[in-house]
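Beneath this line is the structure, given in structure tokens, with notes to follow.
None of these values were measured; they are calculated from a predicted model. Values below: all heavy atoms of this structure, side chains included; hydrogens, waters and symmetry mates excluded. Numbers for residues simply follow the sequence, beginning at 1.
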Amino acid sequence: MVWIRNLVFVLAWGGLAALGHPVAGHHGSWALFSFGLGTLLCWHIWQLSRVTRWTRDLKRPPPPSAGSWDDALARIYRHLRSQERQLALLEGNVQGFLSAAQALPDGLVTLDEDFHIDWCNRIARHHLGLRLPEDRGHSLLNLVRSPDFVRYARQLEWPSPVLVRSPGSGDRVLMVQLISYNKRQRMLLTRDVTQIEKLETTRQDFVANVSHELRTPLTVLAGFLETLIEMPADALPQAQRDQYLTTMHEQAQRMQAIVADLLTLSTLESSPTTDPQPVGMPGLIRTALSQAEALSNGRHTLSSEVDPQLDVLGSGSELSSAISNLLINAVRYTPDGGKVTVRWRTEPDGSARYSVTDTGIGIAAHHLPRLTERFYRVDRGRSRESGGTGLGLAIAKHIAMRHGAELEITSEVGRGSCFSLHFPRARLTDGDRQ
């Protein structure tokens with residue numbers, strides 16, 4: 001015990017002074033005792049100065065042999081080391097949480113009760129255009145000025161998320177949700193739902209387009225059927241009755257074609273690709289040319305340049321559909337007297353290209369990016385007159401993607417168009433061809 005050691009030291013000097021009293025006298029013994037107490041005091045002062053110097057850098061071990069301070073310094077040092085270990089553990093946990101938050105696929109922003117920014121992860125910076133540490137302490141409502149978000153944030157509670165436009169990119173749609181935690185802290189979660197919104201818009205457009213495409217033939221069918229049912233059998237001349245029946249048959253065939261193309265698209269999107277086999281492209285092209293000649297009925301000039309030795313690996317039925325779609329479209333949209341040229345040959349880089357070039361009406365440049373959308377039509381009236389379903393190019397694009405190829409379209413108004421399937425060299429059966 002510290003106090004016992006000091007008491008023993010004082011008693012020892014007191015005893016020494018008492019023993020020296022007969023020799024040194026009264027004053028001498030008190031001087032001797034005072035000297036001992038002064039020595040003890042100086043010793044404590046010196047040790048205190050060593051302890052003071054140590055407190056300037058508590059990471060160092062305490063001074064050895066600090067006398068009465070030894071026990072206290074040992075306890076303090078052990079406590080400091082324990083605190084350091086706990087702080088290191090907590091810091092590791094915090095860094096782990098921060099790393100996990102940074103790895104989240106969604107944005108995360110921590111806020112105080114007044115929406116002042118405390119921290120955010122990388123995704124949130126990208127979504128909301130935030131910058132740290134510059135934006136720390138600033139109000140999020142001043143940085144994200146979307147009226148929808150401000151109204152949402154001003155609510156007393158946030159039971160459900162809301163969709164807002166990203167301040168970092170106006171084309172991005174974010175789903176954001178505020179969450180309260182602790183007592184006066186809030187958390188903002190952001191998720192990029194742009195693709196989901198596009199898919200939903202595409203789905204809605206698809207349903208609307210299908211309904212629109214089927215409504216016309218159904219209306220025609222229903223109208224003629226009502227006429228035939230309500231009118232007496234002898235009220236219509238036979239020629240007019242035959243005309244009605246012919247028109248009804250044409251509209252029924254049109255609906256069948258639309259349904260067949262929709263089923264084809266659904267199969268292409270949902271079914272796995274088959275094992276690629278040589279498909280006999282020259283034969284498929286000759287068959288498509290025969291169909292095109294029958295459709296043209298001598299109204300166009302059809303020519304072909306086909307390499308009889310060139311073939312690709314894939315699905316014959318799918319490629320036959322794509323080849324026919326491109327060729328039949330060219331015949332339908334080329335005025336009488338026009339020319340349609342089919343080519344199947346290798347390119348200088350060793351790839352292969354199937355192309356259909358026509359001298360038709362051509363397509364304006366702003367329509368080209370959307371031509372492969374389902375039911376997209378440059379001229380709806382002309383498309384229906386030609387008998388197209390509006391799905392042919394969408395089918396051709398899906399087939400091209402399933403074969404590692406690209407559907408390429410070039411056109412100029414008044415000068416015609418060129419639709420081509422560009423196959424990579426890896427898809428050719430004669431891979432040594434240069």
Side-chain angles (χ1 to χ4, degrees), residues 94-213 215 269 364-378 380 390 394:
V94 170
Q95 289 300 325
F97 287 131
L98 291 178
S99 298
Q102 291 286 10
L104 286 173
D106 299 330
L108 173 64
V109 185
T110 57
L111 310 160
D112 64 13
E113 60 180 343
D114 295 321
F115 296 99
H116 294 144
I117 298 171
D118 179 46
W119 180 86
C120 67
N121 64 0
R122 286 187 295 269
I123 299 297
R125 298 179 198 180
H126 184 60
H127 285 175
L128 303 175
L130 303 179
R131 297 176 301 168
L132 288 184
E134 292 89 344
D135 292 335
R136 181 174 285 118
H138 291 271
S139 174
L140 182 66
L141 302 183
N142 292 333
L143 300 175
V144 181
R145 297 180 178 272
S146 167
D148 292 336
F149 175 72
V150 173
R151 282 194 299 270
Y152 173 73
R154 295 299 186 190
Q155 297 177 172
L156 297 178
E157 295 181 350
W158 311 281
S160 59
V162 66
L163 297 180
V164 299
R165 290 285 176 181
S166 169
S169 174
D171 296 333
R172 182 181 292 112
V173 179
L174 301 178
M175 182 174 68
V176 301
Q177 182 165 16
L178 282 164
I179 301 171
S180 294
Y181 70 103
N182 287 341
K183 291 185 177 180
R184 297 185 177 180
Q185 290 181 290
R186 294 166 180 176
M187 179 190 307
L188 177 69
L189 299 177
T190 66
R191 174 172 294 179
D192 190 344
V193 294
T194 305
Q195 190 61 30
I196 297 175
E197 286 294 299
K198 287 182 178 179
L199 290 174
E200 178 62 18
T201 301
T202 301
R203 184 192 66 80
Q204 293 174 354
D205 291 344
F206 175 70
V207 171
N209 287 330
V210 170
S211 302
H212 181 75
E213 293 294 331
R215 184 182 298 116
E269 292 176 342
H366 66 276
H367 289 296
L368 296 181
R370 300 191 61 187
L371 283 181
T372 57
E373 294 181 14
R374 300 172 184 181
F375 297 112
Y376 184 81
R377 301 178 187 276
V378 176
R380 290 188 176 273

**Request:** Measure the shortest side-chain to side-chain distance between Tyr152 and Leu178 over non-hydrogen atoms and say whether it is less than 4.5 angstrom.
**Result:** yes

**Request:** Would you check if Asp118 and Leu111 make a side-chain contact, meaning some heavy-atom pair closer than 4.5 Å?
**Result:** no

**Asked** Does a side-chain heavy-atom distance below 4.5 Å link Val176 with Phe149?
**Response** yes

**Request:** For Thr194, enumerate each residue passing the side-chain hydrogen bond (donor to acceptor under 3.5 Å, both in side chains) test, keeping only those at least two apart in sequence or located in another chain.
**Result:** Asp192

**Message:** Taking His116's backbone N and O only, do any of them form a donor-acceptor pair with Asp114's side chain (distance below 3.5 Å, no angle check)?
**Reply:** no

**Request:** Determine the minimum heavy-atom distance between Arg186 and Trp158, stating which atoms define it.
**Result:** NE-CH2, 3.6 Å

**Prompt:** Between Thr190, Leu132, Thr110, which is the residue that forms a side-chain contact (heavy atoms from CB on, under 4.5 Å) with Cys120?
**Reply:** Leu132

**Message:** According to side-chain hydrogen bond (donor to acceptor under 3.5 Å, both in side chains), who are the partners of His367, at least two apart in sequence or on a separate chain?
**Reply:** Tyr376

**Request:** State which residues pass side-chain hydrogen bond (donor to acceptor under 3.5 Å, both in side chains) with Gln177; sequence neighbours excluded, sorted by chain then number.
**Result:** none

**Request:** Kindly say whether Glu113 contributes a backbone atom to a donor-acceptor pair with the side chain of Gln185 at under 3.5 angstrom?
**Result:** no

**Request:** Would you check if there is a donor-acceptor pair between the side chains of His126 and Arg172 at a distance under 3.5 Å?
**Result:** yes

**Item:** Ile117 side chain reached by Val109 side chain, heavy atoms, under 4.5 Å
**Value:** yes

**Test item: Val150 and Phe115 side chains (from C-beta on) under 4.5 Å apart, heavy atoms** = no

**Where at least one partner belongs to residues 135-164, residue pairs that pass salt bridge (Lys or Arg N to Asp or Glu O under 4.0 Å), sequence neighbours excluded** = Asp148-Arg151

**Message:** What verdict does the side-chain contact (heavy atoms from CB on, under 4.5 Å) test give for Val173 and Arg165, after you've listed the backbone C-alpha separation in whole Å, the side-chain angles of each residue and the deciding distance to 0.1 Å?
**Reply:** CA-CA 5 Å; Val173 179; Arg165 290 285 176 181; 3.4 Å; yes

**Item:** Any Leu188 side-chain heavy atom under 4.5 Å of Leu140 side chain
**Value:** yes

**Request:** Provide the closest heavy-atom pair for Met175 versus Pro161 in the form atom of the first, atom of the second, distance.
**Result:** CG-CB, 3.6 Å

**Asked** Less than 4.5 Å apart, any side-chain heavy atom of Leu108 and any of Leu189?
**Response** yes

**Set of residues satisfying salt bridge (Lys or Arg N to Asp or Glu O under 4.0 Å) with respect to Arg131, sequence neighbours excluded** = none

**Message:** Going by salt bridge (Lys or Arg N to Asp or Glu O under 4.0 Å), name the residues that satisfy it together with Arg191, two or more places apart in sequence or in a different chain.
**Reply:** Asp106

